[in-house]
Amino acid sequence: MTVIRIGTRGSTLAMAQTTTVARALENKTGVETEIIPISTQGDRSTESLSLIGGQGVFANALRDALLAGECDIVVHSLKDLPTAEIPGLTIAAVPKRADERDVVCARDGLTLETLPAGARVGTGSPRRQAQLRSLYPELEVVDLRGNIDSRLDKVTDGHLDAVILAAAGLARAGRSDAVTEHLGIAGWPTAPGQGALAVEVRTGEEKLASVLDHKPSRTKTNAERYVLAFLDAGCSAPLGAHAVIDDGLLFLDARVYALDGSRYLTSSHALYVNDVEDPAREAAQRVADELLAQGAGDLTGARA
């Protein structure tokens, strides 16, 4: 293959992160790349993610193009990728994960703690909305769609007092200067897979991108995403998960929220990565079973 055709969403952020993947592929393989923008339902619609169905609204069109042979690989934001496997497709690589934290971009350098009561905070994520309502009930939560620049403009023009975004996305888009607060993972767990990319190929063609795979990042994000799968919840579910690997131990924490922020459930488990065949799946199964036993199905719509 003389040119690897890379499919991606056409947004500024998607193009930036795909360009990073393309350059890495070229550097490691010496093969030329071509980036092919693809329009997705999530990009065309301005409706709330909860209304159009969070699962797959950014991924389905990319996968259709890949299966149709219109491109050779596609690049996803892993947090937007449904957990269900698609026959004929395989994730060939999860490159090294970037910062998985959420950040606040507020007027006047403010933080969530220092925003005045009644301040308007925008986010389109049901998880972030639930977290805001749980931790900062005095703030007004505003449903928000759009690209990074349009969201930040809502703060600049005074329509909103702050927005919540992903640290990794802002960094990839060159807008980290807008951050006024980094939210700690312990009190504000983020979406499974946040900060990571997924490079997907047709099954059997994994060698096109496997050189980019970062095994620790894959293990940690697999664990977080397995929690979603075992809860039978979509990628827009009000759920935060975080996995770390330290001294041979995989630690996995997950928290499921009520959409109105009135309550949440948590579970944490750890195991040695060399003790079981698939530590990510095993840790996630323990966490999901415990969450379901606590009643997580009532919060996410998961099966009991």
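If you're wondering where the values come from, they're calculated on a predicted model, not measured in any experiment. Residue numbers start at 1 and run along the sequence shown.
- A pairwise comparison of heavy atoms in Ala223 and Ala284 identifies O-CB, 3.4 Å as the closest pair.
- Dense packing is recorded around CD of Glu138, with more than 12 heavy atoms of other residues, nucleotides or ligands lying under 6.0 Å away.
- A donor-acceptor contact closer than 3.5 angstrom is absent between the side chains of Asp213 and Ser210.
- More than 12 heavy-atom neighbours from other residues, nucleotides or ligands sit within 6.0 angstrom of CD on Glu26.
- Asp99 places a side-chain N or O within 3.5 Å of a backbone atom of Arg101 that can act as its donor or acceptor partner.
- At a threshold of 4.5 Å between non-hydrogen side-chain atoms, the residues Leu132 and Trp188 count as touching.
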Open item on the list: Does Thr266 form a side chain to side chain contact (heavy atoms under 4.5 Å, CB included) with Glu290? I'd like the steps, not just the answer.
Closed with: CA-CA 9 Å; Thr266 62; Glu290 186 167 273; over 6 Å; no
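- Remark: the backbone N or O of Leu259 is paired with a side-chain donor or acceptor of Arg133 at under 3.5 angstrom.
- Remark: the backbone N or O of Arg120 is paired with a side-chain donor or acceptor of Asp161 at under 3.5 angstrom.
- Note on Asp72 versus Arg5: salt bridge recorded, some NZ/NE/NH1/NH2 to OD/OE distance being below 4.0 Å.
- With hydrogens and angles ignored, the 3.5 Å screen pairs no side-chain donor or acceptor of Gln129 with any backbone N or O of Val141.
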- [ ] Decide yes or no on side-chain hydrogen bond (donor to acceptor under 3.5 Å, both in side chains) for Thr190 and Glu100, but give the supporting numbers first.
- [x] CA-CA 7 Å; Thr190 52; Glu100 62 262 48; over 6 Å; no
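- Between Glu224 and Lys220, no side-chain nitrogen of the basic residue sits less than 4.0 Å from a carboxylate oxygen of the acidic one, so the salt-bridge criterion is not met.
- Of the possible polar contacts, none joining the Thr180 side chain to the Gly109 backbone as a donor-acceptor pair under 3.5 Å is found.
- Between Ser262 and Ala258, the shortest heavy-atom distance links the atoms OG-CB, 3.8 Å.
- Looking at every heavy atom in both residues, Ala209 comes nearest to Leu25 through CA-CD2, 4.1 Å.
- Side-chain atoms of Thr18 come within 3.5 Å of backbone N or O of Ala14 as a donor-acceptor pair.
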Task: Arg225 vs Leu78, side chain to side chain contact (heavy atoms under 4.5 Å, CB included): CA-CA, chis, key distance, verdict - done: CA-CA 9 Å; Arg225 284 168 51 78; Leu78 189 52; 3.6 Å; yes
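- The side-chain heavy atoms of Arg97 and Thr221, taken from C-beta on, include a pair separated by under 4.5 Å.
- Taking the side chain as every heavy atom from C-beta outward, Ser125 and Ile164 never approach each other to under 4.5 Å.
- A single hydrophobic cluster is seen to contain both Ile4 and Leu197, as judged by linkage of ILVMFWY side chains at heavy-atom distances under 4.5 Å, directly or through other members.
- Ile38 approaches Gly7 most closely through the heavy-atom pair CD1-CA, 4.0 Å.
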- [ ] Show your working on salt bridge (charged side-chain N to carboxylate O under 4.0 Å, His left out) between Glu282 and Arg286 and close with a plain yes or no.
- [x] CA-CA 6 Å; Glu282 178 65 25; Arg286 296 179 188 180; 3.0 Å; yes
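- Heavy atoms of other residues, nucleotides or ligands lying less than 6.0 angstrom from CG of Asp157 number more than 12.
- Transitive grouping of hydrophobic side chains (ILVMFWY, heavy atoms separated by less than 4.5 Å) keeps Leu271 and Leu252 in distinct clusters.
- Ion pairing between Asp177 and Arg175 holds under the 4.0 Å rule for side-chain N and carboxylate O.
- Side-chain atoms of Glu206 never come within 3.5 Å of backbone atoms of Val201 as a donor-acceptor pair (strictly under, hydrogens ignored).
- Nearest heavy-atom pair across Leu81 and Ala198 is CD2-CB, 4.1 Å.
- Between the side chain of Ser267 and the backbone N or O of Ala254 there is no donor-acceptor pair closer than 3.5 Å.
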TODO: Determine, stepwise, if the pair Leu62 / Glu200 fulfils side chain to side chain contact (heavy atoms under 4.5 Å, CB included).
DONE: CA-CA 10 Å; Leu62 300 181; Glu200 195 167 37; over 6 Å; no
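- Between His242 and Arg255 the shortest side-chain heavy-atom distance does not fall below 4.5 Å.
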Open item on the list: With side chain to side chain contact (heavy atoms under 4.5 Å, CB included) as the criterion, how do Leu231 and Leu292 come out once you've worked through the C-alpha distance, each side chain's angles and the decisive distance to 0.1 Å?
Closed with: CA-CA 7 Å; Leu231 291 180; Leu292 286 171; 3.6 Å; yes
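- A donor-acceptor contact closer than 3.5 angstrom links the side chains of Gln131 and Arg127.
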